[in-house]
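For reference, the structure discussed in these notes is given below.
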Protein chains: 2
Amino acid sequence: MSGPSRAPTLADVATAAGVSLSTASLAFSGNKPVSAATRERVVAAAAALGYSGPNPLARNLRQGRSGVVGIAVGQLSTAFRDPAALAMLDAISEVLGASGLGLLLMSDDDDHARLPLDAVIYDICGRETWAAYDDLVARDVPLVVVEGPAWPGATHIDIDHRSGSAALAAHLHDLGHRRVGTVTLAASHPQREREAGLREVFPEATVVGACDSDVAAAQALVTGWFARSGDATAIVCQSDVQAAGVVLEARRRGIRVPEDLSVAGFDGVATPWLDLELTTVVQPLAGKGRTTAEAALARIRGTAVDDVVLPVELRIGDSTGPA
Amino acid sequence: MSGPSRAPTLADVATAAGVSLSTASLAFSGNKPVSAATRERVVAAAAALGYSGPNPLARNLRQGRSGVVGIAVGQLSTAFRDPAALAMLDAISEVLGASGLGLLLMSDDDDHARLPLDAVIYDICGRETWAAYDDLVARDVPLVVVEGPAWPGATHIDIDHRSGSAALAAHLHDLGHRRVGTVTLAASHPQREREAGLREVFPEATVVGACDSDVAAAQALVTGWFARSGDATAIVCQSDVQAAGVVLEARRRGIRVPEDLSVAGFDGVATPWLDLELTTVVQPLAGKGRTTAEAALARIRGTAVDDVVLPVELRIGDSTGPA
DNA sequence: CGTTTCGATCGAATCGATTCGATGCTACCT
DNA sequence: AGGTAGCATCGAATCGATTCGATCGAAACG
């Protein structure tokens, strides 16, 4: 009887403890009261058999939930290079974890059709990512879309891109800037909103180009712009990381910030390796993550959830100055 | 019949298609040949009923696998602040994804006992993280430990911390350095190995202090050291991110790198926002991730896996120079 | 023409729990 | 003493598939 026999099941434990299967289950789950004596016998039997608790797979099937929430983030390699994304992920994980749910990373290339997910969070991500969308809808998986376009059946969490961007533009206008350039992200819902906000103040703003939220990418992008014309007194970026890239590249060319050029970011993350504080639009990253996770929790419970748009706030730093 | 009745099951599809449950299952899984005509009927019936494929929870129970691999990373907020960690995560995700497995983030504070995991990867992480270890062993979950201490039953993937560190130290010694300081990580297996490597060459090296792999943390750490004594001609860090912090803080104080102070890192990640190339120990981050993921896959299959120690390589940059 | 082989299909067992409804018992109330 | 709660326990149904072994025909072979 010491052979490598199969792992003990709850039924084995129940038998050993001299109780019924259902009672043993109750002893573990605590879903209904069980006398202390009985629970003790069950626990003792479990310990004796080396039973390590109810099989999660079986429980999941019975309860129809997996305890796992997916988060679609496009390409992992780029998604978390920006600390803003990390801050949000952290908050999501914290809230879900507190409810005993796990967070599963869904990369674009992977096939998640075979994974049991209780809900899926779409963090801002490219077109390709939406490929799985229809499948998830068909499977009736609750969806929470962060900073994405409106999708039927999904709960949307967003920030006020447009007015944040407009407030920043107004600040630059107040400083006397008239020729403004902007570094954009790939075409996306937030990008369009932000550009609209910018153009409320500067209809003629020039697009320097688009790149990922990455220091090196931004540097590479603006190097050509600086060389060619650089005909702008201020550059508005879509993330602090991009802005940092622009500042560094400007410095490298002897362009002083903010004396010769004002640079603004977005997000409000820490950039300790810049010796100035960026003027930026601060978004509540942790709050966004918490709100997102709570929306997912509510959807899992079956509660109706309203869409949310979180406010942002202009923070004036040392990277912008008079034109 | 248009009520919000329960979702259709494979049994419903089978009935509608006029085949047995088992045949319908075969039609979807392809585990055994099914005539084209039959498959077509089943697919048609599924489409008609709005059946979205076999329930993953049920399949998981039957097959005894969940298709999910956990990765324990300590605190999310700090774990991925270093691009080295991200590079590895990316590689892991890619390999697992190619096998249809999902990657679930396990933060320290969460209780993952109720989650069905096919395997768990322990990326270098603090003591607390090991709390769940015993439970996982009891549940017979295959474990892969990356850069961690030896644990019975786990597969270990590591890099050659010691000789990498020693090679770097030798390089500094060749340059004439004799008084060397080191910025360390929290006490851990790799930290101990690296310090041992350093002391092979500089037995007397002073420990400046320990901090996370984070630019701001490193800056904060060395600022006191510089103010007090700074009695060293070279500082060896345990990550490129730390090294960047040291370089930036030195600059801020007018200390030139490498003329007045040599600084070395570890990892070999890109630091585009530094205008010099760090001397560092390059470790195969993607390779480490792939190896780790493949070890996990093998363990899931039940294959025996040998521990692996990957080689590292010294890369000499512009951040070190003659003493 | 009888026999073997092989592919397609089916029925039934199985994965390991949770949970509903029923039952027995004790204790309390009048 | 009779009636009624209420708690602890149990048996059986259920979650939704996968998979083993058996069956049935038709094709291939001697």
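By convention in this document, chain letters (A, B, ...) are assigned in the order of the sequence lines, proteins followed by strands, and residues within each chain are numbered from 1. Source: prediction; values computed, not measured.
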Please check: side-chain N/O of [X] versus main-chain N/O of [Y], any donor-acceptor pairing under 3.5 Å?
| X | Y | value |
| --- | --- | --- |
| B/H156 | B/W151 | yes |
| B/S25 | B/L21 | no |
| B/R81 | A/L86 | no |
| A/S77 | A/Q75 | no |

Sequence-distant partners of [X], side-chain hydrogen bond (donor to acceptor under 3.5 Å, both in side chains), two or more places apart:
| X | result |
| --- | --- |
| B/R290 | none |
| A/R39 | none |
| B/D160 | B/S163 |

Nucleic acid contacts - residues 39-51 of chain A versus DNA chain C, non-hydrogen atoms under 4.0 Å: A/Y51
Residues forming a side chain to side chain contact (heavy atoms under 4.5 Å, CB included) with A/T15, sequence neighbours excluded: none
Results of side chain to side chain contact (heavy atoms under 4.5 Å, CB included) for A/D82 - residues two or more places apart only: A/A84, A/S213, A/S239, A/V241, A/D267
Contacts of type salt bridge (Lys or Arg N to Asp or Glu O under 4.0 Å), residue B/D118, not counting sequence neighbours: B/R65
Of B/T38 and B/R62, the one whose closest DNA chain C nucleotide lies more 5': B/T38
Most 5' of B/V19 and B/A58 on DNA chain C, judged by nearest nucleotide: B/V19
Touch class at under 4.0 angstrom, heavy-atom based, for B/L57 against every strand present: nothing
Sugar-phosphate only, base, or nothing, as touched by B/T9 at under 4.0 Å among non-hydrogen atoms: sugar-phosphate
Position toward the 5' end of DNA chain D (nearest nucleotide), A/L26 or B/Q63: A/L26
Nucleic acid contacts of residues 27-37 of chain B, taken as heavy-atom distances under 4.0 Å to DNA chain D: B/N31, B/K32
Side-chain donor-acceptor distances from residues 45-61 of chain B under 3.5 Å, at least two apart:
unit_1, atom_1, unit_2, atom_2, d
B/Y51, OH, B/G53, O, 3.3
B/N55, OD1, B/L57, N, 2.7
B/N55, OD1, B/A58, N, 3.4
B/N60, ND2, B/P56, O, 3.3

A/D12/A/R6 salt bridge by N-O under 4.0 Å criterion: yes
Throw together a table of side-chain donor-acceptor distances under 3.5 angstrom for residues 95-105 of chain A, partners on residues two or more places apart or in other chains.
none

Bounds of contact between DNA chain D and chain B, in 5' to 3' order, using a heavy-atom cut-off under 4.0 Å: D/dG16 to D/dG21
Axis bend over the full length of the helix from C/dC1-D/dG30 to C/dT30-D/dA1, computed from five pairs that close each end, to 10 degrees: 30°
